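Some notes on the structure that comes next.
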Amino acid sequence: MVKKIAIILSFSLYAITAMAGPIVPTRGFLVQPRWDAKTDTTSVFDHAGYWAQVQRGFGSDSDRWGWSATMGAIFEIARWQGNKSLIGFTGTELTADTHSDIDFRPRGIVWTEGIFYAVHETPSFDWQLGAFYNCRHDVDNGDPGQYSDVGGQRTLIYCSLGGKTIFQSEKLFGLPFPTTAWLHADLYTIGEDYRLPKIDSNIGTNFSNIAWSFGESLQTKFAEWGRNAIYLMLNTNFTAFSHNNAGFFQKFVSVAQITSDDHIELGYEFHGREGRIQLYAGWEGWQDDGQTPIPRDANYALLGIRVTGADLVTF
């Protein structure tokens with residue numbers, strides 16, 4: 001038993017490597033329908049969900065991730081044959097440092113929205129295909145004390161076609177830990193990286209050259225009693241960037257740089273009938289967090305609270 005637990009912890013720590021890539025507000029959970037008994041009926045807008053999250057960061061460069069506040073909505077457009085679904089979602093994340101009289105100064109907003117097709121193949125296997133739009137914009141970028149020139153700005157846009165394969169099991173490495181794991185991949189059809197001053201444009205990671213990303217995620221419950229649980233969540237994502245002059249099709253194979261990002265959290269959750277609340281501690285690492293004209297790393301510890309609906313965020 002002790003040996004198996006050690007293997008699990010070693011696997012988790014091995015997955016935390018030096019990383020970078022696109023930031024998405026939904027990185028801390030999986031959007032997945034709760035499937036009812038299979039029927040041939042069709043329903044329209046019968047299922048919906050939500051999420052809201054507040055996170056306090058510690059130790060990030062310039063304290064750029066001192067605060068993160070996220071919220072969003074998920075809606076099922078239609079469901080048919082009992083195992084097929086068309087889902088849309090939208091959300092936003094506000095990041096803030098602590099350099100103000102109230103220890104809260106907004107720095108940027110990440111916006112996301114998407115639509116995807118989900119299929120429940122078996123009780124232990126789902127898959128999804130969809131299109132996703134993400135952008136990042138500055139807030140209060142004229143404040144003094146930021147990197148580069150006062151008034152320095154950065155706007156990111158990264159749109160993709162992507163998919164997931166989702167696996168569920170009541171065990172992890174033979175231990176009775178209910179687990180949901182998934183692999184995801186994205187091809188980026190649009191990538192933009194606007195910077196002021198313009199002399200910073202070709203320094204570091206350039207999202208105009210973003211090509212594809214691939215990653216794995218794991219959510220497992222180490223203990224459950226009643227509606228309570230202790231869980232581990234791990235998310236690792238690798239991102240490829242092409243050469244500056246690569247054409248649209250060439251950029252997917254003309255790789256100049258591969259980077260990655262990490263999110264790991266350990267927490268307590270309580271499930272209600274239509275939602276859940278999670279209290280967690282963890283760590284995130286970014287090589288380029290997209291917040292400064294000259295890209296900078298961000299590695300920080302975190303404490304957070306998250307509330308999600310139980311209909312489309314099921315773990």
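Keep in mind that this is a model prediction, so the values were computed, not measured. Position 1 is the first residue of the sequence, and the numbers go up from there.
Remark: side-chain polar atoms of Arg107 are not paired, donor with acceptor, to backbone N or O of Asp138 under 3.5 angstrom.
For the salt bridge (charged side-chain N to carboxylate O under 4.0 Å, His left out) with Arg64, the lone residue among Asp289, Asp97, Asp297 that qualifies is Asp289. Of the residues listed (Thr205, Asp193, Thr239), the one engaging Ile210 in a side chain to side chain contact (heavy atoms under 4.5 Å, CB included) is Thr239, and it is the only one. Checked against Glu269 for a salt bridge (charged side-chain N to carboxylate O under 4.0 Å, His left out), the options Arg227, Arg306, Arg276 give a single hit: Arg276.
Between the side chains of Tyr158 and Glu192, no donor-acceptor pair is found at a separation under 3.5 Å. With hydrogens and angles left out, the side-chain atoms of Trp286 and Asp262 include no donor and acceptor closer than 3.5 Å. Side-chain polar atoms of Asn244 and Asn209 form a donor-acceptor pair below 3.5 angstrom. Under the 3.5 Å distance criterion, with hydrogens and angles disregarded, no donor-acceptor pair is assigned to the side chains of Ser124 and Gln168. Side chains of Asn134 and Trp111: a donor-acceptor N/O pair is absent below 3.5 angstrom, by distance only. Side chains of Glu121 and Asn83: a donor-acceptor N/O pair is absent below 3.5 angstrom, by distance only.
Around the CZ atom of Phe249, the shell of radius 6.0 Å holds no more than 12 heavy atoms that belong to other residues, nucleotides or ligands. Within a 6.0 Å sphere centred on OH of Tyr194, other residues, nucleotides and ligands contribute 12 heavy atoms or fewer.
Using a 4.5 Å cut-off on side-chain heavy atoms (C-beta onward), Phe241 and Tyr188 make no contact. Counting heavy atoms from C-beta on, the side chains of Phe238 and Thr259 never come closer than 4.5 Å. Looking only at side-chain heavy atoms (C-beta outward), Arg136 and Gln291 come within less than 4.5 Å of each other. Side-chain contact between Leu279 and Phe270 is absent, with no heavy-atom pair separated by less than 4.5 Å.
Hydrophobic clustering (ILVMFWY, side-chain heavy atoms < 4.5 Å, transitive): Trp80 and Trp127 are in one cluster.
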Exercise for the section: In sequence, state the C-alpha distance, the side-chain angles, and the governing distance for Trp212 and Phe252, and then conclude on ring-ring contact (aromatic ring centres under 6.0 Å, His included). Expected result: CA-CA 7 Å; Trp212 51 262; Phe252 298 114; 9.3 Å; no

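You'll find the ring centres of Phe177 and Phe173 outside the 6.0 Å limit.
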